[in-house]
Structure formats: C-alpha cells, structure tokens
Amino acid sequence: MKVEKLVEIIGSDFYTGVPDSQLRALCDYLMDTYGIDKKHHMIAANEGNCAALAAGYHLATGKVPVVYMQNSGEGNIINPVASLLNDKVYAIPVIFIVGWRGEPGVHDEPQHIYQGEVTVKLLEDMDIKPFVIGKETTEEELLQVMEDYKKILAVGKNVAFVIRKGAISYDKKVAYKNDNSMVREDIIKHIIAVTGEDPIVSTTGKASRELFEAREALAQGHKYDFLTVGSMGHSSSIALGVAINKPETKVWCVDGDGAVLMHMGSMAVLGANAPANMVHVIINNGAHETVGGMPTVAANIDFVAIAKACGYPYAVSVDNFEELDSELKDAKTRNTLSMIEVKCSIGAREDLGRPTTTALENKQNFMDYLKVCK
C-alpha cells in the first residue's frame, strides 16, 4: 500500500514519533511533506515523549493525533497510555502506527524476537485495539477499519495499526546528510586503537555492528565488548554498573546521540556518581541513522554543557581525528569521569555486517573477561 493512501485514510494532520526502519516509507513521506514542523510533524526523544506530545496536541485542538514507532517502543508508552491516555483517566484518543519487527515467522535480529512475539498482545493489554496491515491489505479493508476506529476514538480510547515488513511504500527517495566529515566506522577504529584491552559497552545499531567488524578485521576477538543490540538509550547505565563494580578498570561507553536523547536522565545519574574509571563517548551525527537517517534534535544542542551541568568533571566536543586521538589518550589516563562528544557524518557501508555471535555468547564472553579485570 502506498503510504500516501494510509495517511489519507487516517486523516490526521499531526504526527509525532521515533523513526523505525519498518516505517521508513512513512518517515520519508513525513520528512518530504512536512520536514520537522511543530504543527504537523515532530520527532521526539522517546515514545513516551511522543504520547505526551500527542496528548498536548489533543488538549489544544480537540483533534486526534498519530504516534509512530517501532514495536520496541511499546515499553516506553505503557506509563502514559495507562495513566494519561486511558479512558478511565483522561480519555485522550491517539492512533498508534507500530512497525512490527520480529514478527513470528519472519527472520529478524535477536533483540526483536521476543518483542515481536508480544507486540499485538501488549497493545491489547493496554486496551489499544490493533489492526495488522500487510502487503495484502486493501484500501477498502483499511477504510472500513478506520470507520470502526473513529467510533472507538470518539469515546477516548486508543487504536493501532501494526505494520508488517514491506506493507507500505513511498516512491520518493529522501536523502539525509550533514556537514560533518568524520565517518563513524573510522571513529570506532580510533577508539579501539586507544582503549586496548579496556572493556567497552556499545550502543544499539550500527555502532555495535561496526565495533564487531573492527574487532574481526584486527583478529582481536570480542570478549572486550558488550554489544547492546537492543535497549536503546541504556548503554551508559550498563557501563556505569560495570564501572562501579570494577573500580580499577577503565570502562568505555560508545554511545549515539539518539540513544542519549532517549533516556537523557541517565547522564544525571552518571554525573552524580561520577565513576573516575569511566569514559562516555557520544558519537553525534544528529540522526537516527540505523533506522534510516531521520534527524534527532542533537545537532542543535550542547552535549558538553549538558554533561557539565549533570556533574561530569570533564566534557569536550571534537570534530577532527587529531583532536579525537588526543582526547581519547588523555581520557584513558585521566582519573575522572570524562565525556567526549564526536561530531560525525551520516552514512555507513552498504555491506556492513551483523554480529555472528549470539547475544548470550556475547554476554558470557564479556562476563568471563570482566572476571579477570580488577
């Protein structure tokens, strides 16, 4: 189904969401049609943020908003759906569009398997009526479902369209780029050249994939790295937990701007605890690149000021490899919590692979390595 037809049938003029590769057609359409427009389209920090924005839109206009997201974001909406939107509370109607990663019977990455199994059940448990859109879904079917949905929305309840892989399409190609020169894969190579045998916790998406491939190319093995293939936004907290319990070991977190934004409160917790043995590297390309390249707000915010305000004793931003190498070497020997923001371009190799070890193997190898660390 053409995404233009889906949008027409839904009939809303306000969309907010967190980008998803399964919803690339919708994301590209919204960026191509509206860009980032406060009146029509906003990309939020996390899915709960989206639900609250949608609530505010409804309160101000009386109209029904749309929240789009990957199914992994269902966990982030449970609280606002149950305690804000639900018809037993404020009865705020919202249409959710959910990309169905890990659909049973469809091959996907390990972090999506269980989420895929419970996607529809979670929506039903939250009293959100779901309808699954696949390649075979007709416009007539969708029109009828939307008529039924209007009655549900009218009484302050929520509904959802769950989008199967390849179910929607958009013919135009939307390119995402910035003016930064450093490529993330090269940045990661520079990081591991300095970290040596220090443990690294890396964020979800292409950063972890590139870290894995860099280790493969150097024949270093993967015991040093915990690849946070899911749980977006929580890598720095995982690294904090490791650093506190391994105080004599330098622990690195390789993070991304979208991930940091998703749960930025973790920076306050990091700063408050200020582990002297931890380095927080934020690779900032101002984009949700792993799922298509749609923008985050990180291109226009000051991570250094945020880190310092949160209590990081040292924070710096770099945009070239000479400065990066110098800051990495200093951070390795500095006995204080450090944050290094690295300005990065958008883009990755088309033939970028995925980890060939399982999540459980990664966990066990990393734990075994930490046992020999101080």
Side-chain angles (χ1 to χ4, degrees), residues 3 5-20 22-23 26-27 29-30 33-34 36-100 115 118-133 137 139 141-164 167-168 233 261-263 265:
V3 70
K5 180 55 66 173
L6 173 64
V7 169
E8 177 189 326
I9 291 172
I10 288 174
S12 176
D13 68 352
F14 179 72
Y15 284 72
T16 180
V18 176
D20 170 40
Q22 203 100 310
L23 302 179
L26 175 64
C27 295
Y29 168 82
L30 292 171
T33 304
Y34 301 120
I36 301 299
D37 182 316
K38 298 179 183 70
K39 293 289 188 180
H40 299 289
H41 178 226
M42 295 179 68
I43 295 176
N46 63 53
E47 296 80 5
N49 183 193
C50 297
L53 281 168
Y57 168 84
H58 174 76
L59 292 172
T61 67
K63 295 189 285 187
V64 178
V66 178
V67 169
Y68 64 87
M69 61 184 186
Q70 186 181 110
N71 53 347
S72 62
E74 287 182 343
N76 284 334
I77 66 168
I78 288 175
N79 176 263
V81 166
S83 63
L84 174 67
L85 306 183
N86 187 269
D87 63 315
K88 293 182 177 66
V89 191
Y90 291 106
I92 296 175
V94 172
I95 298 169
F96 291 93
I97 299 180
V98 182
W100 197 353
Q115 183 71 56
V118 299
T119 292
V120 174
K121 184 178 185 299
L122 273 177
L123 291 169
E124 292 171 339
D125 287 347
M126 289 187 285
D127 198 23
I128 301 174
K129 186 167 180 61
F131 177 77
V132 177
I133 297 178
T137 303
E139 293 177 13
E141 285 180 280
L142 199 58
L143 281 164
Q144 182 56 59
V145 170
M146 196 61 217
E147 287 303 308
D148 295 338
Y149 273 8
K150 287 176 181 177
K151 298 171 186 174
I152 297 171
L153 293 163
V155 295
K157 287 179 174 286
N158 307 138
V159 300
F161 293 106
V162 180
I163 311 297
R164 283 182 164 139
I168 56 175
L261 289 169
M262 184 162 281
H263 295 293

Quiz item: For I97, which of V7, D20, V67, L26 qualifies under side chain to side chain contact (heavy atoms under 4.5 Å, CB included)?
Solution: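 Between I97 and the candidates, side chain to side chain contact (heavy atoms under 4.5 Å, CB included) is satisfied uniquely by L26.
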Nearest heavy-atom neighbours spanning [X] and [Y]:
{"X": "K39", "Y": "F14", "value": "O-CD1, 3.5 Å"}
{"X": "A44", "Y": "T16", "value": "CB-OG1, 4.1 Å"}
{"X": "A160", "Y": "I128", "value": "CB-CG2, 3.6 Å"}
{"X": "I10", "Y": "V66", "value": "CG2-CG2, 3.8 Å"}
{"X": "P93", "Y": "P65", "value": "O-CD, 3.3 Å"}
{"X": "I168", "Y": "L23", "value": "CD1-CD2, 4.4 Å"}

Self-check item: Verdict with supporting geometry, T137 and F161, side chain to side chain contact (heavy atoms under 4.5 Å, CB included)
Solution: CA-CA 12 Å; T137 303; F161 293 106; over 6 Å; no
Practice problem: Give a yes or no answer on whether the side chain of N86 reaches the backbone of N158 with a donor-acceptor pair at less than 3.5 Å. | Solution: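 Judged by distance alone, no pair lies under 3.5 Å.
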Quiz item: Run the side-chain hydrogen bond (donor to acceptor under 3.5 Å, both in side chains) check on Y68 and H41 step by step: do they pass?
Solution: CA-CA 11 Å; Y68 64 87; H41 178 226; 2.7 Å; yes
Quiz item: Would the H40 and Y34 ring centres measure less than 6.0 Å apart?
Solution: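 Here the rings of Y34 and H40 have centres that are less than 6.0 Å from each other.
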Exercise. State which residues pass ring-ring contact (aromatic ring centres under 6.0 Å, His included) with Y15; sequence neighbours excluded, sorted by chain then number.
Key: none
Side chains of residues 72-82: which donor-acceptor partners sit under 3.5 Å, not counting sequence neighbours?
from, atom 1, to, atom 2, distance (Å)
S72, OG, Q70, OE1, 2.8
E74, OE1, Q115, NE2, 3.4
N76, ND2, E47, OE1, 2.7

[Y] and [X], any side-chain heavy atoms less than 4.5 Å apart:
{"X": "V155", "Y": "K151", "result": "no"}
{"X": "I133", "Y": "V145", "result": "no"}
{"X": "L153", "Y": "M146", "result": "yes"}

Quiz item: Does the pair K121 and E124 meet the rule for a salt bridge (charged side-chain N to carboxylate O under 4.0 Å, His left out), with working shown?
Solution: CA-CA 5 Å; K121 184 178 185 299; E124 292 171 339; over 6 Å; no
Quiz item: Can you tell me how far the NZ atom of K150 sits from the CD1 atom of I152, to the nearest 0.5 Å?
Solution: 13.0 Å
Quiz item: To the nearest 0.5 Å, how far apart are CD1 in I36 and CG in L30?
Solution: 9.0 Å
Quiz prompt | M262/V18 under side chain to side chain contact (heavy atoms under 4.5 Å, CB included): CA gap, chis, key distance, verdict | solution = CA-CA 9 Å; M262 184 162 281; V18 176; 4.0 Å; yes
Less than 3.5 Å apart, which donor and acceptor atoms pair up between the side chains of residues 48-61 and the rest of the protein, not counting sequence neighbours?
from, atom 1, to, atom 2, distance (Å)
N49, OD1, A45, N, 3.0
Y57, OH, D13, OD1, 2.4
H58, ND1, K63, O, 2.9
T61, OG1, Y57, O, 2.7
T61, OG1, K63, N, 3.1

Quiz item: After noting the C-alpha distance and the side-chain angles of F131 and Y149, does the key distance pass the ring pair (Phe, Tyr, Trp, His ring centres under 6.0 Å) rule?
Solution: CA-CA 10 Å; F131 177 77; Y149 273 8; 7.2 Å; no
